[in-house]
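Notes to accompany the following structure.
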2 protein chains.
Amino acid sequence: MRYRKIPDEAVWRLPMYLRGLLLSLEKSQETISSQELADFFGVHPWQIRKDFSYFGAFGTPGVGYKVKKLSTQIKKILNLHVSHKAVLVGAGNLGAVILAYPGFKIYGFEITAVFDNNPQKIGQKIENISIKDVSKLSLIKRQKIDLGIIAVPRKAAQEVADRLVEMGIKGILNFSPCRINVPKKVKVITIDIAMDLARLPYYIPSS
Amino acid sequence: MRYRKIPDEAVWRLPMYLRGLLLSLEKSQETISSQELADFFGVHPWQIRKDFSYFGAFGTPGVGYKVKKLSTQIKKILNLHVSHKAVLVGAGNLGAVILAYPGFKIYGFEITAVFDNNPQKIGQKIENISIKDVSKLSLIKRQKIDLGIIAVPRKAAQEVADRLVEMGIKGILNFSPCRINVPKKVKVITIDIAMDLARLPYYIPSS
DNA sequence: TTTAATCTGTGAACGTAAACACAAGTTGAA
DNA sequence: TTCAACTTGTGTTTACGTTCACAGATTAAA
C-alpha cells in the first residue's frame, strides 16, 4: 500500500469495529467478513475494508478476517494492546457511575486513582479505591497514568484539566459541558450529554 | 439564499453554538461576532457564518449577531423552541445521574417519567419522580413524550428501544454500548463512554 | 457627507472522505 | 485440474464539507 494520509474518520471508527470484533470473539466466532461486520453496525462493507486498508492488509480473500487476529491488530493500531491507567477527578454521582462502569475493562482501561475536593468524601472508598484530596493530585506522578477523566462541575473543569496536564496526562475524557483548553499534544474528548440530546429534536417533525 | 442541501455537520454544530450563545446571554452580552464565537469554541469564524447561512441570514454586517435573537432562531431551527418531555428507562446508577443532571434544562428538556424492571425500585422516588414498572410503559402514551433515554444493560437495550418506538417515541438517547435497530423515522444517538475513551490512546505516543 | 474600519453572507475553489468497481487471491466441488 | 463462488484490497470516481476571498452592509469618526 502506498503512503496515504489516514482519515480521522477511519481512526474514529476503529473502536467501533473493535467492539464488534470483541463481541464476536466472545461468541467464539473464528472468522468474519466485512459484510458481516458491516451488517452489525449498519454501515457499508467497503467502508470497513477501506478503513482497514489504511493500516495494512489484515484479511484473506475468499475467507474474511480472523476475528482474534484482527482484534489484536486493531488494538495495536489504537495503542490499546497495552493497558492504560486512568485518574478520575470528581467523585460525585457521575464519578461513581464512571467508576462502576464495567465497559472500560474490555478495552484494557483501569481507573487507579480518584480525587475530589469535598472534605466529606476524601478518605472514603468507592469501588475499593479511596478518594484523595484533589490538591494532592501530584501523587499520580509515581504511577504510570496517562489518561484523565473529568467529572467535576463546569467551573472547575479548566483548572482540573490544567493540573492534569501538569501531571503529564496525555488524554482527557471530559464530562463537563464546556470546552477546555490544553496544549496541542494533549487530546481531549468532551462528552456533553445535554448537547447530544439537543441534537435529536431537529430530526423530529414538530408536532 | 439559493436552496442547498444542509450538511449534517452544520446541524451537528448548532447545539454547540447554542450553548455558547446561552452562556453569553447569561453574561448579558447583547451582540457577538462570528470571530468571538469562533474563539470560544476554537473553530474558524467563516465556518460559523457558513453554518448559519444554510438556515438564513441572522446577523448584521459591521455589528455581528444579537445574542438573544440568534439563540432564539437556532432554538427554532433545532426544534428546541418548544420544551420536550423525555422518558428515562433504567433507574440504576446511571439513570439516577441522568435524572439529576442539571444541564438538560437550558435546552428545554424535562424528564417526566422513569421506568425500571427491578421490583425493589418500582414505587420508589428519585428526584421526585416515582419509578414505574417497565411493563407499564404504555402509560406514557397519555403524556406528550417524544424522547426516550435508555440506561439499561446492553442485553435489554434493543427490547426497550422497540417498546419506546411502539409508544411513539421519535428520538432516543442510548447509553447502552450497542447499536440498536429502529425504523428510519426514529433518530438514535448512542453514547458509548468506553468507546470514546478508547479513542484517546491512538493519539498518545506509546511509552 | 465622506472616509475608514468593521463584519456578514456567500459563490467559488479546494481538499477530503465515501462510494464504486474490479482485479486478484482463496476455497471447495466437480 | 478446472471452474464457480466468494471475499479482500485498492485505484478511480463521485459527493460532500471546508476554506477562501470578496462584495456589500453598517457604523463611527472626520
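Computed over heavy atoms, backbone and side chain alike; hydrogens, waters and symmetry mates excluded. To find a chain, count down the sequence lines: A is the first, B the second, and so on, and within it residues start at 1. Bear in mind that the values here come from a model prediction, so they are computed numbers and not experimental data.
- With rounding to the nearest 0.5 Å, the separation of CG in L200(B) from CD1 in I169(A) is 11.5 Å.
- Between the CG atom of L37(B) and the C1' atom of dG9(C) there is a distance of 16 Å, rounded to whole Å.
- The side chain of S53(A) sits closest to dG9(D) out of dT26(C), dT26(D), dG9(D).
- Closest approach to the P61(B) side chain among dT26(D), dT10(C), dT26(C) is made by dT26(D) (side chain taken as heavy atoms from C-beta onward).
- Near DNA chain C, meaning a heavy atom under 4.0 Å away, the residues from residues 22-35 of chain B are S33(B), S34(B).
- Here D146(B) does not pair with K170(B) in a salt bridge; the nearest charged N to carboxylate O distance is not below 4.0 Å.
- A donor and an acceptor atom never sit less than 3.5 Å apart when one is taken from the side chain of K5(A) and the other from the base of dG15(C).
- Atom CD of E166(B) sits in a crowded spot, with more than 12 heavy atoms from other residues, nucleotides or ligands closer than 6.0 Å.
- Listed nucleotides: dT19(D), dC22(D), dT8(D). Nearest to the side chain of R49(B): dC22(D).
- Dense packing is recorded around CD of Q143(B), with more than 12 heavy atoms of other residues, nucleotides or ligands lying under 6.0 Å away.
- For K121(A), the NZ atom is densely surrounded, since the number of other residues' heavy atoms within 6.0 Å is greater than 12.
- For DNA chain D, the residues of residues 8-18 of chain B within the heavy-atom distance limit of 4.0 Å (strictly under) are D8(B), E9(B), R13(B), sorted by number.
- Within the nucleic acid shown, F58(A) comes within 4.0 Å of sugar-phosphate atoms alone, with no base atom in reach, counting heavy atoms only.
- H44(B) has its NE2 atom 11 Å from the C1' atom of dC20(D), to the nearest Å.
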